[in-house]
Amino acid sequence: LGARTVPDCSIAIDNGIIQDIGPKKRIAKDYKFDDEIDARDRIVIPGLVDTHMHSYQVATKGQTCDSELLKWLRSYIFPWEGHLSRKRARACAELSYIEMAKSGTTCFSDFTSTRFTDEAFSVAEKIGLRANIGRTMMDYNAPKDMLEDTVSDIEDSRALIMRWHGRCNGRLRFMVTPRFDVTCSDELLVEAFALAKEYNLVFQTHAQENLGEVAFERKRFGVPAIKHLNKLGLLGSNVLLAHCVWLDKKDFTLLAKNNVKVAHCPGSNMYLASGIAPVPEMLKNKISVGLGSDVGAYGNYSMFEQMRLAVLLQKVHTLRPHAMDHHTVFSMATSGGAACVGLSKEIGEIRVGRKADLTLLDKRSLAFSPLHDVIAQVVYSAGKVCVSDVIVDGKVIVRDRQLTTINEEKTIRRASKALVS
Ligand SMILES: [Zn+2]
């Protein structure tokens with residue numbers, strides 16, 4: 001793992017793809033441009049990937065500060081999601097996706113809720129982010145107003161695949177998202193996995209996040225989530241598991257053997273007092289790890305913050321300053337995230353032939369003055385305040401800190417109003 005930095009070069013983009021990278025003079029001579037960004041004062045990094053978040057929970061911000069996972073779900077999240085309206089769902093997606101875009105996140109992976117998933121797709125289509133969006137499934141042990149039957153969970157998801165998957169030149173993708181085995185029947189998990197296989201989709205669920213959850217699984221299945229999924233034959237290279245905080249030796253072997261990916265959410269693991277995920281051991285076992293903000297179990301969408309939390313948490317946990325270096329966490333937020341969402345050959349690196357998903361940082365911001373080590377300063381000093389421009393699929397969606405695809409101010413005002421009325 002390690003990112004290479006290249007000074008003073010130009011990037012030529014056509015048809016959403018990086019066509020060439022080289023000295024400015026040569027690129028200017030070889031290509032004719034319709035549009036140009038003067039990046040002399042910029043640092044260009046691969047667009048950041050948020051591998052795990054819940055846009056429809058964003059409105060619980062500020063109300064949920066002092067709970068552990070199962071109580072947090074019962075007291076705040078289920079009541080909120082259970083009473084969601086279409087209008088509020090849309091407002092949540094708008095506020096979430098605007099914040100992500102302006103924080104330099106170009107690709108995300110969103111568990112919406114059991115209803116109104118169309119709204120998230122429609123907002124992502126409009127704003128221009130690369131989206132992996134799932135409809136949360138639960139057919140067991142859920143509150144009455146959120147409990148669904150197995151057939152409608154699957155059929156609703158299939159209808160969403162038909163309506164949205166692959167749209168906008170493949171920028172919008174459906175993801176199969178049973179919430180977790182605490183609220184899903186085995187039948188649902190098996191059918192959801194089959195649906196993911198049928199359409200070649202990512203299958204994402206939560207696993208071994210918290211000790212209360214693990215105790216529940218032991219009681220119900222005799223084993224925690226990963227061994228339970230393995231028994232059902234549901235571990236594979238298209239599987240993305242969020243959290244994986246409480247792992248034993250056998251779990252590492254199962255994840256590595258089946259090429260399962262992990263969404264590490266350090267902010268959420270601290271926020272809900274869940275624990276410290278053994279990320280260095282996952283990497284030692286060659287398990288692909290990405291980072292997730294896991295909002296609403298965290299307060300904001302900045303992946304800069306998640307990188308910083310991930311690296312600092314391992315230092316303080318192990319008392320070893322080199323427990324996980326800044327190159328490793330930078331890769332987790334870019335190429336690692338790309339692998340998690342099944343796009344490792346398409347995004348996550350600035351390379352000829354890759355999709356042009358890029359984030360530009362203002363070199364004149366305090367984070368980079370003076371500039372000694374770009375990656376170290378991105379990880380330890382930068383924040384969303386440094387993000388000046390964002391490109392997704394070759395299209396500039398944030399230019400000079402303003403969204404180009406929507407009227408930002410008007411949208412934020414309307415969405416905020418919808419969430420308090
Ligand atoms: Zn989550």
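Since the structure is predicted, the reported quantities are computational estimates derived from the model, not experimental observations. Read the numbers this way: they start at 1 and go in the same order the structure lists the ligands and their atoms. We use all heavy atoms of the structure for the numbers below, so side chains are in, but hydrogens, waters and symmetry mates are not.
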Please report the number of protein N, O or S atoms that lie less than 2.8 Å from the Zn ion (ligand 1).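 Near the Zn ion (ligand 1), the number of protein N, O or S atoms below 2.8 Å is 4.
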Ignoring hydrogens and geometry beyond distance, is a side-chain donor-acceptor pair present between [X] and [Y] at under 3.5 Å?
| X | Y | answer |
| --- | --- | --- |
| Asp110 | His54 | no |
| Tyr298 | Gln306 | no |
| Asp149 | Ser152 | yes |
| Trp164 | Asp118 | yes |
| Asp153 | Thr150 | no |

Hey, is the main chain of Pro321 close enough, under 3.5 Å, to the side chain of Lys315 for a donor-acceptor pair?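 Yes; at least one donor-acceptor contact below 3.5 Å.
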